[in-house]
Each structure stands twice: as C-alpha cells, then as structure tokens.
Amino acid sequence: MQPPRAIVRRSTESWALQSALERHGLGPVAGVDEAGRGACAGPLAVAACILRPGDAKRFEGLTDSKLLTPDERERFASLIRRRALDWHVVLVDPPEVDRRGVHVANIDGMRRAVARLDVRPGYVLTDGFPVSGFGVPALAVPKGDLAAACVAAASVLAKTTRDHLMTALHKKRPEYGFDVHKGYCTPTHSAALAEHGPSDDHRFSFVNVAAAARGRDQDGTADGVRHNGAVTTVDLVGAGADEADELAGDPDDIDAAPEGGEPR
C-alpha cells in the first residue's frame with residue numbers, strides 16, 4: 001500500500017521551502033530582498049524578514065510586492081511588522097550606490113540586514129542570485145518573492161519603506177514627481193531631469209543622470225557630476241536600535257538604469 005497523495009494548497013506553496021528547512025532543523029529561515037535597484041534616484045532599500053512557522057493562513061495572498069496593489073502592500077507590511085518573528089530594513093543612500101555600484105551596495109545591504117536581526121537565522125533565502133557572507137547557509141531561489149513567503153515579506157517591507165521615503169522626498173523636491181514614479185526612469189522623470197538637472201538625491205553613476213548633469217554643465221546652470229566622499233547608510237529596525245553605519249570604500253561599479261516601468 002502507498003500513502004495517500006499529498007495535496008498542497010496554493011495558499012501554502014510559498015511556505016513549503018521554509019517548512020522543509022525548519023523540519024530538518026535549519027530554521028529560523030530569513031528571507032532577503034531589495035527595492036529600488038533599478039531606480040536612478042532615492043535610496044536602495046534592503047529588507048530581511050523571519051516569519052513565524054505556521055502563520056501561512058494569516059498571510060493568505062502574500063506574494064511579490066510588484067504584484068500587489070499599494071493598499072495590499074500596506075496591509076501586508078503592517079501585518080508583517082506585527083507578526084514576524086523579526087525584521088530589519090537597511091537603506092543605502094545614493095552616494096554609496098554611486099561609490100560602490102548598485103550590485104555591490106545591494107549585496108552589502110543584504111548582509112547588513114541579516115546581521116542586524118535580533119533572532120539569528122539558521123538559513124537565508126535570497127531572491128534570484130546567490131549571496132555569501134551571512135555566516136549561515138544560504139540559497140538563491142529563482143523568483144524567490146513568488147516561491148518563498150519570507151522573501152515576499154522582505155520585498156513588501158523594502159518596497160513600502162522606500163515608497164514612503166520617496167513620497168516624503170516629493171515634498172522636498174516636487175519638481176521631479178517622486179511621489180508618482182518613486183525615482184524610476186519613467187518619461188515624466190526623464191523630462192524633469194532634462195528641465196531641472198539632477199539633485200543630490202539622484203544616482204550620478206547612472207548614465208541618464210550623468211548625461212543630464214553634463215547637459216546642465218554645458219548650459220552653465222548646474223554643477224554637474226559630483227565626487228562622493230564618505231557616506232552613511234541608515235537602518236530601519238524591526239527589533240533593534242536605530243543607527244547609521246559608515247562603510248569603507250570599494251571600487252565603483254557603473255550601472256545603467258533601465259527605461260520605463262517600475263521594478264521593485
């Protein structure tokens with residue numbers, strides 16, 4: 001005789017990997033994801049999150065933050081902050097993204113977000129590409145924010161945190177329309193860059209920002225591309241102390257911004 005066939009409900013599919021790791025003594029499982037990687041303005045937000053085992057029913061519908069409406073993201077973000085075993089968000093400011101390159105800054109932000117968790121994870125799941133240096137085993141999960149609930153939770157925390165900051169930045173610099181495009185390279189943002197030139201909140205290592213700065217230099221109306229010195233990053237904490245970190249410099253990586261749309 002064979003055991004009855006197991007039926008996996010769609011609502012719990014994204015919890016299967018976390019549950020399997022926990023059953024084998026590898027928990028708690030932390031998910032890590034970022035928001036703002038493709039933006040040419042504003043910070044990069046990187047989040048780490050540990051969800052409680054057995055909480056799948058409470059998070060029915062949790063998925064990749066890009067597939068949720070703004071209201072759904074806010075609802076899940078509030079629930080995650082209340083129910084998660086632990087969470088932490090790191091913000092990497094534009095000068096550091098310029099100085100280190102967006103990929104290097106992103107990976108370092110992931111390591112810092114996990115390191116700042118009060119609950120030490122036994123395993124880390126990352127979205128898409130492998131990352132080492134967590135001090136515990138880690139696995140890159142293709143489409144991780146769809147396949148693993150803890151990664152989806154991290155994506156929601158990163159996205160909502162960054163969106164709030166970009167909306168607040170709009171009040172400081174309304175000419176760019178940050179409240180609408182959140183710093184991504186939309187036609188509206190490109191037109192504002194051409195008219196007003198880049199601000200201190202733009203990423204000057206992105207080719208479209210650098211080109212706008214050079215154009216303003218030729219007109220004699222703006223300072224052009226700056227050189228970045230020491231920079232700091234800010235941590236938003238789920239269960240720890242607020243603080244800023246100063247990082248040692250690494251060689252710059254130059255990354256071009258994608259055109260159109262709004263990635264995470």
Side-chain angles (χ1 to χ4, degrees), residues 6-37 45-90 106-107 109-131 134 136-164 236-240 263-264:
I7 299 176
V8 179
R9 297 186 307 173
R10 291 189 63 84
S11 61
T12 59
E13 285 178 355
S14 64
W15 290 74
L17 180 54
Q18 173 179 334
S19 297
L21 291 168
E22 288 164 347
R23 284 198 305 271
H24 286 82
L26 296 172
V29 179
V32 186
D33 205 3
E34 86 285 333
R37 181 184 176 95
V46 188
C49 184
I50 301 175
L51 296 177
R52 298 176 188 274
D55 249 5
K57 289 184 178 180
R58 294 179 180 270
F59 288 96
E60 181 77 31
L62 176 63
T63 187
D64 177 3
S65 63
K66 298 189 298 297
L67 302 180
L68 299 171
T69 67
D71 286 345
E72 288 172 334
R73 284 197 295 264
E74 292 299 331
R75 179 173 65 83
F76 276 120
S78 178
L79 180 61
I80 292 163
R81 293 186 181 100
R82 293 197 313 269
R83 290 292 307 175
L85 187 61
D86 200 3
W87 62 271
H88 195 97
V89 180
V90 168
N106 183 29
I107 289 177
M110 290 180 170
R111 291 169 179 157
R112 186 182 300 114
V114 171
R116 296 300 173 84
L117 292 170
D118 288 339
V119 177
R120 179 176 172 82
Y123 214 95
V124 176
L125 302 179
T126 61
D127 181 20
F129 56 88
V131 179
F134 292 120
V136 297
L139 177 67
V141 182
K143 302 291 184 181
D145 40 17
L146 292 172
C150 56
V151 178
S155 79
V156 167
L157 290 176
K159 173 68 173 167
T160 54
T161 298
R162 188 178 186 279
D163 282 358
H164 292 167
L236 298 182
V237 191
R264 281 192 308 276

> Considering only heavy atoms from C-beta outward, does the side chain of Glu34 approach that of Arg162 to under 4.5 Å?
Replying inline: no
> Who are the side chain to side chain donor-acceptor pair (under 3.5 Å) partners of Ser78, not counting sequence neighbours?
Replying inline: Arg82
> Which pairs with one or both residues in residues 23-32 pass side chain to side chain donor-acceptor pair (under 3.5 Å), sequence neighbours excluded?
Replying inline: none
> Aromatic rings Phe59 and Phe76: how do their planes relate, parallel, tilted or perpendicular, breaks at 30° and 60°?
Replying inline: parallel
> At their closest point, which heavy atom of Leu51 faces which heavy atom of Ala84, and how far apart are they?
Replying inline: CD2-CB, 4.3 Å
>> Leu139: which residues meet the side chain to side chain contact (heavy atoms under 4.5 Å, CB included) condition with it, sequence neighbours left out?
In response: Leu17, Tyr123, Leu125, Val141
>> Contact between Ile50 and Pro121 at the side-chain level, heavy atoms closer than 4.5 Å - yes or no?
In response: yes
> Can you tell me if Asp86 uses its side chain to pair, donor with acceptor, with the backbone of Val119 under 3.5 Å?
Replying inline: yes
> Does any non-hydrogen side-chain atom of Arg73 lie less than 4.5 Å from one of Asp163?
Replying inline: yes
>> Within the structure provided, determine whether Leu146 and Thr63 are in side-chain contact (heavy-atom separation under 4.5 Å).
In response: yes
>> Test of understanding: with salt bridge (charged side-chain N to carboxylate O under 4.0 Å, His left out), list the residues that count as partners of Arg75, not counting sequence neighbours.
In response: none
> Is a side-chain N or O of Arg83 found less than 3.5 angstrom from the main chain of Arg52, in a donor-acceptor match?
Replying inline: no
> Between Ala140 and Pro142, which heavy-atom pair has the shortest distance, and what is it?
Replying inline: O-CD, 3.6 Å
> So which heavy atom on Gly122 is nearest to which on Pro137, and how close?
Replying inline: O-CD, 3.5 Å
> Sub-3.5 Å donor-acceptor pair from the side chain of Asp127 to the main-chain atoms of Gly144, do we have one?
Replying inline: yes
>> The criterion is side chain to side chain donor-acceptor pair (under 3.5 Å); which residues satisfy it with Arg120, sequence neighbours excluded?
In response: none
>> Going by the rule side chain to side chain contact (heavy atoms under 4.5 Å, CB included), which residues pair with Ala158 if we only count those two or more places apart in sequence or in a different chain?
In response: Ala35, Ala45, Ala47
> Is there a side chain to side chain contact (heavy atoms under 4.5 Å, CB included) between Ser14 and Leu62 once you walk through the steps?
Replying inline: CA-CA 9 Å; Ser14 64; Leu62 176 63; over 6 Å; no
> Below 4.5 Å, heavy atoms only, C-beta onward: do Asp145 and Lys66 meet side chain to side chain?
Replying inline: yes
> By side chain to side chain contact (heavy atoms under 4.5 Å, CB included), which residues pair with Ala115, not counting sequence neighbours?
Replying inline: none
> Is any side-chain heavy atom of Cys49 closer than 4.5 Å to a side-chain heavy atom of Ile80?
Replying inline: yes
>> Measuring from atom OG of Ser155 to atom CG of Leu68, what distance do you get when rounded to the nearest 0.5 angstrom?
In response: 7.5 Å
>> How long is the straight-line distance from CG of Asp55 back to CG of Leu79, given to the nearest 0.5 Å?
In response: 7.5 Å
>> Quick one, Val131 and Val32 - any side-chain contact, counting heavy atoms below 4.5 Å?
In response: no
> Where do Ala30 and Leu117 come nearest, in terms of heavy atoms and distance?
Replying inline: CB-CD1, 4.2 Å
>> Using the side chain to side chain contact (heavy atoms under 4.5 Å, CB included) criterion, which residues pair with Ala77? Sequence neighbours excluded.
In response: Arg81, Val156, Thr160
> Tell me, do Met110 and Asn106 make a side-chain contact under 4.5 Å, heavy atoms counted?
Replying inline: yes
